[in-house]
There are 2 protein chains.
Amino acid sequence: MRDSTVQALEVCSIEVTVSLIGGCWKLTIIQKLLEGTLRFGELRREVGYVTDRVLTRQLRELEADGLVHREVFPQVPPKVEYSLTPLGESLRDMVAMMDAWGQRWAAEQGVEPAPSVLAS
Amino acid sequence: MRDSTVQALEVCSIEVTVSLIGGCWKLTIIQKLLEGTLRFGELRREVGYVTDRVLTRQLRELEADGLVHREVFPQVPPKVEYSLTPLGESLRDMVAMMDAWGQRWAAEQGVEPAPSVLAS
DNA sequence: ATTGACACTATCCTTACGGTTAGTACTGGA
DNA sequence: TCCAGTACTAACCGTAAGGATAGTGTCAAT
């Protein structure tokens, strides 16, 4: 378990949640996987600006935290599929809520809203 | 607007939400304020381990982002009250959801759960 | 023979963020 | 007289996380 999570456990469950899904790109990754299993390359193209190295790290953390399942197919060229565990799936409502809230915030600030992941 | 929020706006609304509430202590602060207006010192004692300087910064960011209202009473010794704006209030359901999810995660990991903020 | 796809890994750099310590101005109470 | 409480601010530090760049091994296609 990562240090930040251990610390969060001493404060409150909310901080635990933030420590697990608060990392850059993590919720975007989860949102993409909510639509179905994806290979590494597909995920990278879907997410956008992320680099290989960062995407790999975030996926490994999500895997270690039990949110993402990683399946390696022993073939050449390599094939690796990523999907959500039930725990990851259980974030569906929260993802939707955060998406909606982010849009509301942008609206109240009079800012051009970010593209909604759910509309895509 | 902070850089991280600007960047997030180019990606998706979910990242916007994370950039606004993902900071350390921020959701804990919001949770305390969901129960009512608090003075600076009360908030510091409620939150726990946070230092003055960090708490001040988080509050200022929350204020700049339109989630928290700061009211200064021109008196000596100084008195400053913090409360949630309607936008901040609108996080109530999300806070509850994240609290519940954090507990569920701890349960599935077989970890001693963090104290629930909602039980207090 | 070279290139590209695939899913990474290694190395390094930079910055932002959280954190520590100390200090401010004023007052009321011991 | 001294100290504590109030709500901060200033200056500084250390680390962790994100990001950039380059390299790995195998195979298919050009």
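Only heavy atoms go into these numbers, but all of them, side chains included; no hydrogens, no water, no symmetry mates. To find a chain, count down the sequence lines: A is the first, B the second, and so on, and within it residues start at 1.
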A.B. asks: Measuring to OP1 and OP2 of D/dA17, would you say a side-chain N or O of A/Gln58 lies under 4.0 angstrom away?
C.D. replies: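 So the side chain of A/Gln58 is outside the cut-off, no N or O lying under 4.0 Å from OP1 or OP2 of D/dA17.
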A.B. asks: Any luck finding a side-chain donor-acceptor pair between B/Trp105 and A/Thr17 under 3.5 Å?
C.D. replies: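 Short answer, no.
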A.B. asks: Using whole Å, what does the distance between atom C1' of nucleotide D/dC8 and atom CD of B/Gln75 come to?
C.D. replies: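 These atoms are roughly 15 Å apart.
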A.B. asks: Looking only at atom types and distance, does a side-chain atom of A/Glu42 sit under 3.5 Å from a main-chain N or O of A/Arg39, one as donor and one as acceptor?
C.D. replies: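 Checking the backbone N and O of A/Arg39 against the side chain of A/Glu42, a donor-acceptor pair under 3.5 Å is found.
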A.B. asks: Between A/Val50 and B/Arg39, which has a closest nucleotide on DNA chain D that is more 5'?
C.D. replies: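 Closest to the 5' end, via its nearest nucleotide, is B/Arg39.
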A.B. asks: For the pair made of CD in B/Glu71 and C1' in D/dC8, what is the distance, rounded to whole Å?
C.D. replies: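 Distance, rounded to whole Å: 17 Å.
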A.B. asks: Looking at B/Arg57, does any N or O in its side chain come under 4.0 Å of the phosphate oxygens OP1/OP2 on C/dT20?
C.D. replies: no
A.B. asks: Run the side-chain donor-acceptor check on residues 70-82 of chain A: report pairs under 3.5 Å with partners two or more places apart or on a different chain.
C.D. replies:
{"from": "A/Arg70", "atom 1": "NE", "to": "A/Tyr82", "atom 2": "OH", "distance (Å)": "3.2"}

A.B. asks: Counting only side-chain N and O atoms of B/Trp25, is one of them less than 4.0 Å from OP1 or OP2 of C/dG19?
C.D. replies: yes
A.B. asks: I'd like to compare against my own output: the B/S/- annotation of nucleotides 24-30 of chain D with a strict under-4.0 Å heavy-atom distance to protein.
C.D. replies: --SS---
A.B. asks: What is the distance, rounded to the nearest whole Å, between atom CG of A/Leu59 and atom C1' of C/dC6?
C.D. replies: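 After rounding, the reported distance stands at 15 Å.
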A.B. asks: Where the side chain of B/Ser4 meets the backbone of B/Ser19, is there a donor-acceptor pair that is under 3.5 Å apart?
C.D. replies: no
A.B. asks: Hey, does the side chain of A/Thr56 reach the backbone of A/Asp52 with a donor-acceptor pair shorter than 3.5 angstrom?
C.D. replies: yes
A.B. asks: In sequence, state the C-alpha distance, the side-chain angles, and the governing distance for A/Glu108 and A/Arg104, and then conclude on salt bridge (charged side-chain N to carboxylate O under 4.0 Å, His left out).
C.D. replies: CA-CA 6 Å; A/Glu108 296 216 7; A/Arg104 177 181 169 180; 3.1 Å; yes
A.B. asks: Across nucleotides 8-14 of chain C, 5' to 3', mark each nucleotide with B, S or - according to how protein heavy atoms within less than 4.0 Å reach it.
C.D. replies: BBBBB--
A.B. asks: Measure CZ/B/Arg45 against C1'/D/dG5 and give the value in whole Å, please.
C.D. replies: 9 Å
A.B. asks: Touch check for B/Thr51, heavy atoms < 4.0 angstrom, all strands: base, sugar-phosphate only, or nothing?
C.D. replies: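 It contacts base atoms.
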A.B. asks: Over all strands shown, is A/Glu42 touching base, sugar-phosphate only, or nothing at heavy-atom distances under 4.0 angstrom?
C.D. replies: nothing
A.B. asks: Quickly work out the A/Asp3 CG to D/dT15 C1' distance and round it to whole Å.
C.D. replies: 11 Å
A.B. asks: Roughly how far, to the nearest 0.5 Å, is the CG atom of B/Leu67 from the CG atom of B/Leu87?
C.D. replies: 5.5 Å
A.B. asks: Got a donor-acceptor contact below 3.5 angstrom from the A/Gln103 side chain to the B/Ser13 backbone?
C.D. replies: no
A.B. asks: Closer than 4.0 Å, any side-chain N/O of A/Arg2 to the OP1 or OP2 of D/dT15?
C.D. replies: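 For D/dT15, neither OP1 nor OP2 has a side-chain N or O of A/Arg2 closer than 4.0 Å.
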A.B. asks: Are A/Asp3 and A/Gln7 linked by a side-chain donor-acceptor pair shorter than 3.5 Å?
C.D. replies: no
A.B. asks: Inspect the contact between B/Lys32 and B/Glu35 and indicate whether a charged nitrogen and a carboxylate oxygen are less than 4.0 angstrom apart.
C.D. replies: no
A.B. asks: Grab the CG-C1' distance between A/Leu55 and C/dC6 for me, whole Å please.
C.D. replies: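 A/Leu55 atom CG is separated from C/dC6 atom C1' by 13 Å.
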A.B. asks: Would you kindly give the CD-to-C1' distance between B/Gln7 and C/dA16, to the nearest whole Å?
C.D. replies: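 In whole Å, C/dA16 C1' lies 11 Å from B/Gln7 CD.
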A.B. asks: Rounded to whole angstroms, how far apart are CG on A/Leu27 and P on D/dG18?
C.D. replies: 13 Å
